[in-house]
Amino acid sequence: MFFKKYGDIVVGVFFMTLSAALMFMAQQLPKSKVMDIGPEFMPMVIGVITFALAALLTFLSVKNMKMRSKELAGAKPDDCDYKRVLLSAILVLIYVFILQPIGFIVTTLVYLPLQMLVLSPDDQRGKKQIIQLLIIDVIFTMVVFFLFRYGFKIVLPAGIFTINL
């Protein structure tokens, strides 16, 4: 019941702390001598956005706490789907460890549909939905690859396949 009542506040404070640490560590990265935008740019952008969203979540949670406590007074605790949480964490760990040796494109093309299948509701796992997930997977992977390669001039891990696009 504690997490139901204060969960958003705990998560908001956690992510504010995490994003502050990210922004601090991003400032420790060496400055680029080649470009105006250095390696600290993206972590700073992500840190600022995460901090702002976490602060907004915390603020709104505190603001609406009285209303939420009235709602939760008669509510029963929901069952957590630990199997999906554990499987999702395992998929993320596998993705992180094989990203460098295998490469971004292949790893992401395999990881994303698996993660989307794990997180999708049971009734949304038909043939049509799987085809949609695969299309989203290919489009997202290619957009991110080209955005980093040509937009940010950052080369993602090529792994076993060297692609000269």
Subject >> Distance in Å, Ile136 CD1 paired with Thr141 OG1, rounded so as to fall on 0.5 Å steps >> reply: 11.0 Å
Original post:
Quick one: which of Val92, Val96, Val106 gives a side-chain contact (heavy atoms from CB on, under 4.5 Å) with Tyr111?
Top reply: Val92
Subject >> Validation row: Glu40, Met23 side chains within 4.5 angstrom (heavy atoms) >> reply: no
Subject >> same_hphob_cluster(Phe146, Phe148) at 4.5 Å side-chain heavy-atom cutoff >> reply: yes
**OP:** Would you give the length of the straight line joining atom CG of Leu18 to atom CE of Met16, rounded to the nearest 0.5 angstrom?
**Re:** 11.5 Å
**OP:** Could you grab the distance from atom CG of Leu91 to atom CG of Leu87, nearest 0.5 Å is fine?
**Re:** 5.0 Å
Subject >> Approximate separation, where rounding is to 0.5 Å, of Phe145 CZ and Thr108 OG1 >> reply: 10.5 Å
Original post:
Should we count CZ of Phe15 as having more than 12 external heavy atoms under 6.0 Å?
Top reply: no
Original post:
Do Ile105 and Leu147 share a hydrophobic cluster (ILVMFWY, side-chain heavy atoms under 4.5 Å, transitive)?
Top reply: yes
Original post:
Do the side chains of Arg84 and Leu119 get nearer than 4.5 Å, heavy atoms only?
Top reply: no
**OP:** Evaluate the side-chain proximity of Thr58 to Asp8: yes if any heavy-atom separation is below 4.5 Å, no if none is.
**Re:** no
Original post:
For Ser19, which of Thr50, Ile49, Ile46 qualifies under side-chain contact (heavy atoms from CB on, under 4.5 Å)?
Top reply: Thr50
Subject >> Enclosure of Phe152 CZ (heavy-atom neighbours >12, cutoff 6.0 Å) >> reply: yes
**OP:** Apply the side-chain contact (heavy atoms from CB on, under 4.5 Å) test between Phe140 and each candidate in Val144, Val143, Asp137; give the one that qualifies.
**Re:** Val144
Subject >> Same apolar cluster: Leu56 and Val48, side chain cutoff 4.5 Å >> reply: no
Original post:
Do Leu112 and Leu134 share a hydrophobic cluster (ILVMFWY, side-chain heavy atoms under 4.5 Å, transitive)?
Top reply: yes
**OP:** Might you point out which heavy atoms bring Thr107 and Tyr95 nearest each other, and give the distance in Å?
**Re:** CG2-CD1, 3.2 Å
**OP:** Examine Leu53 and Met42 and state if one hydrophobic cluster contains both, with Ile, Leu, Val, Met, Phe, Trp and Tyr joined whenever side-chain heavy atoms are less than 4.5 Å apart.
**Re:** yes
Original post:
Minimum heavy-atom separation for Ala54 to Gly12, with atom names?
Top reply: CB-O, 3.4 Å
**OP:** Measure the spacing between CG of Leu109 and CZ of Phe104 and express it to the nearest 0.5 Å.
**Re:** 8.5 Å
Subject >> Residues Gln129 and Ser120: side-chain donor-acceptor under 3.5 angstrom >> reply: no
Original post:
Which atoms form the tightest heavy-atom contact between Ile9 and Ser61, and what is the distance?
Top reply: CG1-CB, 3.6 Å
**OP:** Calculate, to the nearest 0.5 Å, the distance between atoms CG and CD1 belonging to Leu99 and Ile94 respectively.
**Re:** 13.5 Å
